[in-house]
Amino acid sequence: MIKLENIGRTFDGRKVLEHVNYTFEEGKIYIIKGVSGSGKSTLFNILAGLDKGYEGEICCSDQLKAESIEQIGYMIQHSILLSGISVMDNLRLVCSDDAQILEYAEKYGMKEYLEKMPEALSGGERQRISLIRCLLKQPDLILADEPTAALDSDNAAHVAKQMKMSISPDRIIIIATHEDCFDGIADEMIYLDYGQIRTQTQESVKQKAIESSQPVFPSKNVSMPENGRNNPGLADKVRILLKRNKIAMFSKQNVVYALLFGILFLSVVLQYNMKKLVTVSILGDAPITTFSLSENSYNDLKEQFDWTVYENFQVDGYDYKVYSLLDKEHSGLSRSGMLEYGEFPDNDQSVLVNKAFLLQEYEDQEDELDLSGFLHSKIRIGQEEFVICGILCDFESTFDDVKRILYQADCYYESIQTPAVYVPYEKMMFIGEPVDSGNVMVTLDTVYQTDEDKRLREYMDCPFSVWDEEIVSWKNVTDAVCIVIYAIYILLCVIVGLFIKNEIMLELYYRRREIGYLQIIGIPQKGIKILLYTEKFLKYLPGIIGGLMITLTGSMILVLITRILMLIPVIRILFVMICIMIYVVSTIYQPCRKIMKTPIADLINAY
């Protein structure tokens, strides 16, 4: 039982309902008539609990007091069936029991339409589905607001017959209409005249036009919960609604997103791998782990790193210099182009010489001197005899900076113009005497494999070697380029964000009825927000996936070109993706917040 006591409702100073008093009893069908604007929809919104701004009091039976909007069978003027999902899925939004859905569909002659899309249904078929949707809630109150507004007379009569079939002893059916097709099923008729009840027609004037129709109740074979309802949970409803989001991987929009995300992610990958690219690809086979430190710096740092230290040995008594020659891996003289003739020593009895040494030894033959002829000739230093296996090129006269850097990286070497012999370090330890030069040559093999290079730079407050200076220079260039790219992306995000925000506002404007309806069937505002956020995430997901594929492909191409194994900075890319998602959510938040403040009654009655 529902009792209305002195109900009134005012909009913008205009009385829409005024002093409405009436009692609705279980087991009866009530027809409310009146012209458009007489207050029928407003009264329904009050009865459904959608409109709280009324005056007066509503008294209900205990069972009806426990009803919430999602449990009331509310048929609004426009039969809202969500596009993009089948009729069956539309019904699953209010009932989780497929057997019960099939039973009602069969009773109302709609079983064959369950797998169709709502767009394929006629107006009468949509209204019948809306009625089934109401009945699946097992409501004690059905409110049908202009259920035949868009139907012809035959379909309207069919809906009236089905309304009659839907009555039960503990159910109230209230139909608002300005048509006559429901007159024959009414237990009581109410006439609204611009907000006031003018006349009432009771049982004595009721027409038994559809005597043969029988009420429809749930089958005994259909399992029902204790409260008689099979309401799906929020997660089930959201899962059904997400079926509407068809992912089109290769749409023009997603291809553009994929390219933008791919460039962004590749920038992150290149920035992350730049040290390796420079050390391996740009510097090539330079001995970047071998460098010199001042004695003071070495003494401060020697306990902090696992160094290999090379002492400075000299051999006196000759008119040429005798230098230590580091092993092939750590000596700059072993690199391509450093030898004009011969090859790097492969044993400790072979040595290198420079042109100045040969010219000094054979200055009387300078004009006719064939340097290659001196390969494999022997020289004696102290008690040891050595074989010349290679002759250094005269790169100082050719202004070759790379070769000069490779030579001068060994702090013990003087000018290439000084006559010199280069003896393997292991042999120099026996024939030479250690001297103090103020610098120490060291090797730190793990310097660029860990954060040791950063620690050395922090201590030195500058690059710690000629190699490190080159690496830092390239990294600074890369960082600057990446910063420019990131700045461009941020600017694009701001511009695109404005378009996305306007697009979302327009989209939500056209989805007002849908959003109101989703709240009516029991999806809370929080759930609707999650749904909208998820929809937008799925919209951008193909672009993100495409961007990741472009990143992987680009990384593989770089690997093939540089022969360097590129590392994918997963955490950094995830961080960038999270930032993108946060930005998308922030663009959705304000439009969502605005529409969620709109009363449900205004949403479902929107035009």
Phe499 to Ile495 - nearest heavy-atom pair and separation
CD1-O, 3.2 Å

Is it true that Asp98 and Arg92 have a side-chain N and a carboxylate O under 4.0 angstrom from each other?
yes

If you define the side chain from C-beta out and look only at heavy atoms, does anything of Leu82 sit under 4.5 Å from Leu518?
yes

salt_bridge(Lys15, Glu55) N-O dist < 4.0 Å
yes

Should we say atom CD1 of Ile571 is surrounded by more than 12 heavy atoms from elsewhere, each under 6.0 Å from it?
no

For residues 258-269, which side-chain donor-acceptor pairs fall under 3.5 Å, sequence neighbours excluded?
from: Ser267; atom 1: OG; to: Ile263; atom 2: O; distance (Å): 2.8

Got a sec: does the CD of Gln590 have more than 12 other heavy atoms crowding it under 6.0 Å?
no

Is there a side-chain contact between Arg511 and Leu532, using heavy atoms and a 4.5 Å cut-off?
yes

So Arg171 and Gln138, do their side chains get closer than 4.5 Å, heavy atoms only?
yes

Considering residues, nucleotides and ligands other than Phe11, do more than 12 of their heavy atoms fall under 6.0 Å from its CZ?
yes

Close side-chain approach of Val576 and Tyr489, heavy atoms under 4.5 Å
no

Keeping Tyr30 on the side-chain end and Glu25 on the backbone end, is there a donor-acceptor pair under 3.5 Å?
yes

Can you give me the closest heavy-atom contact between Gly73 and Cys134, atom names plus distance?
C-SG, 3.7 Å

Less than 4.5 Å apart, side chain to side chain, heavy atoms only: is that true for Leu4 and Leu47?
yes

Can you name the closest pair of heavy atoms from Glu119 and Ser83 and give their distance?
OE2-CB, 2.7 Å

For Tyr583 and Cys493, indicate whether the former's side chain and the latter's backbone hold a donor-acceptor pair under 3.5 Å.
yes

Any idea which heavy atoms bring Cys95 and Leu136 closest together, and the distance?
CB-CB, 4.0 Å

How long is the gap from CG on Leu538 to CD on Glu535, to the nearest 0.5 Å?
8.0 Å

Show your reasoning for whether side chain to side chain contact (heavy atoms under 4.5 Å, CB included) applies to Arg593 and Lys597.
CA-CA 6 Å; Arg593 185 168 175 267; Lys597 286 185 174 182; 3.5 Å; yes

Whether Asn21 side chain and Asn6 backbone form a donor-acceptor pair below 3.5 Å:
yes

When rounded to the nearest 0.5 angstrom, what distance separates CD1 in Ile582 from CZ in Phe575?
8.0 Å

Just wondering, more than 12 heavy atoms not from Lys539 lying within 6.0 Å of its NZ?
yes

Does Tyr589 OH have over 12 foreign heavy atoms under 6.0 Å away?
no

Spell out, as yes or no, whether a donor-acceptor pair under 3.5 Å connects the side chain of Lys137 to the backbone of Ile72.
yes

Heavy atoms from other residues, nucleotides or ligands near OH of Tyr272 exceed 12 (cutoff 6.0 Å):
no

Interatomic distance, Ser166 atom OG to Ile142 atom CD1 [nearest 0.5 angstrom]:
5.5 Å

Side-chain heavy-atom pair Leu114, Leu91 within 4.5 angstrom cut-off
yes

Within this structure, what is the CD1-CG distance for the pair Ile46 and Leu143, rounded to the nearest 0.5 Å?
11.5 Å

Measuring only between side-chain heavy atoms, which start at C-beta, is Ile515 closer than 4.5 Å to Met596?
yes

Evaluate side chain to side chain contact (heavy atoms under 4.5 Å, CB included) for Ile129 paired with Met110, printing each intermediate quantity in order.
CA-CA 7 Å; Ile129 292 297; Met110 297 299 293; 3.7 Å; yes

Leu603 vs Ile595, test: side chain to side chain contact (heavy atoms under 4.5 Å, CB included). Steps then yes/no.
CA-CA 9 Å; Leu603 292 173; Ile595 200 165; 4.0 Å; yes

Tell me whether Ser86 contacts the main-chain N or O of Asp89 through its side chain, where contact means a donor paired with an acceptor under 3.5 Å.
yes

Is the side chain of Lys33 donor-acceptor paired with the backbone N or O of Met189 at a distance under 3.5 Å, no angle test?
no

Show, in sequence, the C-alpha distance, side-chain angles and deciding distance for Thr598 and Arg512, and conclude whether the side chain to side chain contact (heavy atoms under 4.5 Å, CB included) test is met.
CA-CA 9 Å; Thr598 306; Arg512 289 172 296 168; over 6 Å; no

Do Phe537 and Ile588 come within less than 4.5 Å of each other through their side chains, counting heavy atoms only?
no

If I take atom CG from residue Leu508 and atom NZ from residue Lys594, how far apart are they, to the nearest 0.5 angstrom?
10.5 Å

Closest non-hydrogen contact found for Lys28 with Ile167 is O-CD1, 3.7 Å

Scanning both residues in full, the closest heavy-atom pair of Lys3 with Thr23 reads CG-OG1, 3.5 Å

Roughly how far, to the nearest 0.5 Å, is the CZ atom of Phe182 from the CD1 atom of Ile175?
5.0 Å

Assess, by modelled atom type and distance only, whether the side chains of Asp479 and Gln271 contain a donor and an acceptor separated by less than 3.5 Å.
yes

Aromatic ring pairing Phe44/Tyr74, orientation class (parallel under 30°, perpendicular over 60°, tilted between):
tilted

Lys529 atom NZ, neighbour heavy-atom count above 12 within 6.0 Å
yes

